[in-house]
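Working notes, structure below.
Quick note: residue numbers are just sequence positions, from 1.
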Amino acid sequence: MEERVGRLCARRDGAAQIFINYRREGGAYAAALLDELLSNRFGEIRVFRAARSIAPGSDFSNSILEAVAACEVFLVIVDEGWLGKFDSGTRDYSSGRDWVLREIKEAFKYERTVVPVLLSGAKRLDENSLPETLARVARLQYLRFDYRNIRQDVNFIAEQLIKLCPNIRSVRDDC
């Protein structure tokens, strides 16, 4: 397993190793901050966040789906209201209009390592509160990213990402 993880993470094709999945309504600011901090540590090319990473004029749906397929670690940003966005009956999950759901389903399809990142105030996920296709997310070990502990939390997240993807290096290590 360790050999497989190391081989997968040793990407030379420029594809981002870390994908940040988030909702614009709640987790966007935290996703942007986490993107900034992880990009400072690992380099922008290794972190994908749609709002920053997709080039003007590009087909965003193709760009997102390609990035999910190519990433190694998929971070799901979970804010306090995240579960409420999946209330049964309020959305049509089969249409593919919910990009958060679609991206997570793609990550599972490609067997990416999916890591929920719980923001300040977010409770542990309950699989009974999620659509069936997302219930698995609730069973995954999560990380915390709290506004009161930004430096500690981002350092811990970065350490965990290095364990998951040993060949990801700090920008300083690439010089």
Show your reasoning for whether side chain to side chain contact (heavy atoms under 4.5 Å, CB included) applies to Leu134 and Leu125.
-> CA-CA 10 Å; Leu134 280 184; Leu125 299 174; over 6 Å; no

Apply the test side chain to side chain contact (heavy atoms under 4.5 Å, CB included) to residues Val137 and Val78: give CA-CA distance (whole Å), side-chain angles for both, the deciding distance (0.1 Å), then the verdict.
-> CA-CA 11 Å; Val137 175; Val78 179; 5.7 Å; no

Take Phe74 and Glu106 through the test side chain to side chain contact (heavy atoms under 4.5 Å, CB included) and record every step on the way to the result.
-> CA-CA 10 Å; Phe74 185 92; Glu106 288 289 311; over 6 Å; no

Hey, mind stepping through Leu37 and Phe145 against side chain to side chain contact (heavy atoms under 4.5 Å, CB included) and telling me if it holds?
-> CA-CA 12 Å; Leu37 295 170; Phe145 188 53; 4.2 Å; yes

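When every heavy atom of Asp59 is checked against every heavy atom of Ser61, the shortest pair comes out as OD1-OG, 2.6 Å. The two residues Leu140 and Val114 have their closest heavy-atom pair at CD1-O, 3.4 Å. Listed here is the closest heavy atom pair of Ile20 and Ala31: CG2-CB, 3.9 Å. Of all heavy-atom pairs between Gln141 and Pro116, the closest is O-CD, 3.5 Å. Across all non-hydrogen atoms, the minimal contact from Tyr22 to Ala28 is CD1-CA, 3.7 Å. For the residue pair Asn21 and Val100, the shortest heavy atom distance occurs at ND2-O, 3.4 Å.
Both tests pass for Arg136 against the ring of Phe108: distance under 6.0 Å to the centre and angle within 45° of the axis.
Hydrophobic clustering (ILVMFWY, side-chain heavy atoms < 4.5 Å, transitive): Tyr29 and Leu143 are in distinct clusters. Neither Val117 nor Tyr147 shares a network with the other; the hydrophobic side chains, linked directly or stepwise wherever heavy atoms of I, L, V, M, F, W or Y lie under 4.5 Å apart, form separate groups for each.
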Between side-chain atoms of residues 155-162 and protein atoms elsewhere (two or more places apart, or another chain), which donor-acceptor pairs fall under 3.5 Å?
from, atom 1, to, atom 2, distance (Å)
Asn155, OD1, Arg41, NH1, 3.4
Asn155, ND2, Arg151, O, 3.1

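For Arg52, the CZ atom is densely surrounded, since the number of other residues' heavy atoms within 6.0 Å is greater than 12.
Side-chain N or O atoms of Arg144 include one that pairs as donor or acceptor with a backbone N or O of Ala122 at under 3.5 Å. Although no hydrogens or angles enter the test, the distance criterion places no donor-acceptor pair under 3.5 Å between the side chain of Asn149 and the main chain of Gln152.
With rounding to the nearest 0.5 angstrom, the OG1 atom of Thr113 is 5.5 Å from the CG atom of Leu164.
Between Ile168 and Val73, every side-chain heavy-atom pair lies at or beyond the 4.5 Å cut-off. Using a 4.5 Å cut-off on side-chain heavy atoms (C-beta onward), Trp82 and Val76 make contact. Using a 4.5 Å heavy-atom cutoff, the side chains of Ile64 and Glu103 are in contact. At least one side-chain heavy atom of Leu130 sits under 4.5 Å from a side-chain heavy atom of Leu83.
In this structure Ser120 satisfies the side chain to side chain donor-acceptor pair (under 3.5 Å) test together with Asp146, sequence neighbours excluded.
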